[in-house]
Amino acid sequence: MKYLRAAVCGIFICSCILLGWMIVYETGLIEKAVSEKKETDSNNRAAETSEVVDQENGTNGSESLKSQLENIDKQIRELEKQQAAAGCEVHLYFDQVFESAYEQLYPVMSERGYTGTLVLTNGQLPGDNLQMTEQQCREMLDAGWELAVGGSRDIDMNGDLQDVMEEWSSYLEQYLEEIKTRMNIVPATYCFNEGEYREEFDQVLKEYGFTTIRYFGDGELESEKNGLIRIRGYRVTQEQENDAVKDLSGYSSVALSTRRVADEVRTPEEDIEIGKYGELLDSMHEAGMYIAGSDDAEEAKAGKEELSKQIDELKARKKEIEKQIQGE
């Protein structure tokens, strides 16, 4: 009996020890599971946080690009305003080579430091009846003036295209040869009158060595097309010389054209009095316009070209940013 109690007591003690070890083991497993769960939860929270941060960064990046676009647009608008305010480049054209152009117009232009372009028309040449002499014309050319060629009243420039091309081409060939023979000059500019220009004429002009045309009508104020520089004409007369400065305020370049500038106005719808013309030139200068070939023209053109360069660079940057936004 004594031994039986001892055995029972031993078994009980062993059971308690085994139970203790089992409790410890289970507790360890639980703690491990809890720890692993905490780690998993932590990792999940970190991943969620990272995703949110990425989303926020993406949003902030997109907003930043849009902000840059707005800033670029603002800069472009400001530069374009400066460009418009830089003034119109005015090319001065005179469609008749009368002797009065030398006697009256030439001094008025010279005292202001301006030169212009004399347009030979209707087959007329310096030295012909009522025209300035060859010597007078050469003096003006030596001073920086240029010669251009215009059309003939004998040709209906709005007639059948094929007939016009043949007649006009023949006229040009003969006229240019006479100019070269008498003046030893090959004009590079052709001047169309109102309603005369057709794009089909470009090829003929290029064949005869012209590089620039003056035209009246719609389209860009100054552009290069078909290998020719084209400048929009604006006709100024005694009747509407007061409107010229206002009308030209939106132009970047213009061929200011007159048929006759003299001390006596014979036909107000075509002529302009010499004093009025001088006042018009002064008003244009005061309005920020500049005469092509004058001392301040090169500086003004360089400034406008620099503004154009800056605008082009900003527009290129704008396209890059727009592509980045579309790719997100």
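Side chains included, hydrogens not; waters and symmetry mates left out as well; all remaining heavy atoms used.
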Would you check, one step at a time, whether the test side chain to side chain contact (heavy atoms under 4.5 Å, CB included) holds for V261 with T258? CA-CA 7 Å; V261 182; T258 56; 3.5 Å; yes
Is the shortest heavy-atom distance from the side chain of K315 to the side chain of I72 under 4.5 Å? no
For Q131, side chain to side chain contact (heavy atoms under 4.5 Å, CB included) partners two or more places apart: V97, F98, Q124, D128
Residues forming a side chain to side chain contact (heavy atoms under 4.5 Å, CB included) with Q75, sequence neighbours excluded: N71, L314
Check whether more than 12 heavy atoms from other residues, nucleotides or ligands sit under 6.0 Å from atom CD of E178, and answer yes or no. yes
Return the CG to CG distance between N184 and L141, rounded to the nearest 0.5 Å. 11.0 Å
V245 versus A287, closest heavy-atom pair with distance: CG1-CB, 3.9 Å
With the side chain counted from C-beta on, respond yes when I213 and F201 share a heavy-atom pair under 4.5 Å apart, and no when they do not. no
Under 3.5 Å: donor-acceptor pair, side chain of T133, backbone of Q136: yes
Kindly compute the distance separating OG (S253) from CE (M289), expressed to the nearest 0.5 Å. 11.5 Å
Quick one: do the S257 and R214 side chains pair a donor with an acceptor below 3.5 Å? yes
What pair of heavy atoms forms the shortest contact from G150 to V119, and how long is it? N-CG1, 3.7 Å
Rounded to the nearest 0.5 angstrom, the NZ-CD distance for K319 and Q324 is 15.0 Å
Using 0.5 Å steps for rounding, measure from the CG atom of D202 to the CG atom of L228. 5.0 Å
Check whether any side-chain heavy atom of L92 lies under 4.5 Å from a side-chain heavy atom of I291, and answer yes or no. yes
Taking all atoms of both residues into account, what is the closest heavy-atom pair of I274 and L105, and its distance? CD1-CA, 3.7 Å
Close side-chain approach of K66 and I325, heavy atoms under 4.5 Å: yes
Checking side-chain polar atoms at under 3.5 Å, does E139 have a donor or acceptor matched by the opposite partner on Y102? yes
What do the steps show when you test E322 against Q326 for side chain to side chain donor-acceptor pair (under 3.5 Å), and what is the final call? CA-CA 6 Å; E322 288 174 340; Q326 291 173 359; 5.8 Å; no
Report the residues that fulfil side-chain hydrogen bond (donor to acceptor under 3.5 Å, both in side chains) with K318, sequence neighbours left out, ordered by chain and then residue number. D73
Shortest non-hydrogen contact from P126 toward R182: O-NH1, 2.9 Å
Quick one: which residue pairs count as a side chain to side chain donor-acceptor pair (under 3.5 Å) with a foot in residues 163-173, not counting sequence neighbours? W168-Y190, S169-Y208
Would you say Y114 and L281 make side-chain contact, with heavy atoms under 4.5 Å? yes
To the nearest 0.5 Å, tell me how far D247 CG sits from C88 SG. 11.5 Å
Do the side chains of L172 and V186 join up, straight or via other hydrophobic residues, at under 4.5 Å, putting them in one cluster? no
Do D95 and R260 meet the salt-bridge criterion of a basic N to acidic O distance under 4.0 Å? no
Counterpart residues, side chain to side chain contact (heavy atoms under 4.5 Å, CB included), relative to A292 (two or more places apart): E89, H91
Walk me through whether S308 and I311 qualify under side chain to side chain contact (heavy atoms under 4.5 Å, CB included). CA-CA 5 Å; S308 295; I311 291 172; 5.6 Å; no
I want to check something: taking the side chain as every heavy atom from C-beta on, are L118 and M132 in contact at a cut-off of under 4.5 Å? yes
Provide the closest heavy-atom pair for E273 versus Q238 in the form atom of the first, atom of the second, distance. N-OE1, 2.8 Å
Full working for salt bridge (Lys or Arg N to Asp or Glu O under 4.0 Å) between E320 and K323: CA-CA 5 Å; E320 292 178 1; K323 288 181 180 179; over 6 Å; no
What heavy-atom pair brings K225 and R230 nearest, and what distance separates the two atoms? O-NH2, 3.2 Å
Taking it one step at a time, do D243 and V236 satisfy side chain to side chain contact (heavy atoms under 4.5 Å, CB included)? CA-CA 9 Å; D243 299 327; V236 62; over 6 Å; no
Side chain to side chain, N193 and R259, heavy atoms closer than 4.5 Å: yes
Does CD in Q135 sit with more than 12 non-hydrogen atoms of other residues, nucleotides or ligands closer than 6.0 Å? no
For a side chain to side chain contact (heavy atoms under 4.5 Å, CB included) check, start with the C-alpha distance between I185 and K180, then their side-chain angles and the critical distance, and finish with the verdict. CA-CA 5 Å; I185 289 175; K180 184 177 181 181; over 6 Å; no
Relative to the ring of Y197, is the ring of Y215 parallel (under 30°), tilted (30 to 60°) or perpendicular (over 60°)? tilted
Y277 versus D271, side-chain donor and acceptor atoms under 3.5 Å: no
Applying side chain to side chain contact (heavy atoms under 4.5 Å, CB included), name anything that partners N158, two or more places apart in sequence or on another chain. D156, R198
Taking the six-membered ring for Trp, are W145 and Y106 parallel (under 30°), tilted (30 to 60°) or perpendicular (over 60°)? perpendicular
Is the closest side-chain heavy-atom distance between Q68 and R317 below 4.5 Å? yes
Distance, nearest 0.5 Å, that separates CZ of F94 from OG of S100: 11.0 Å
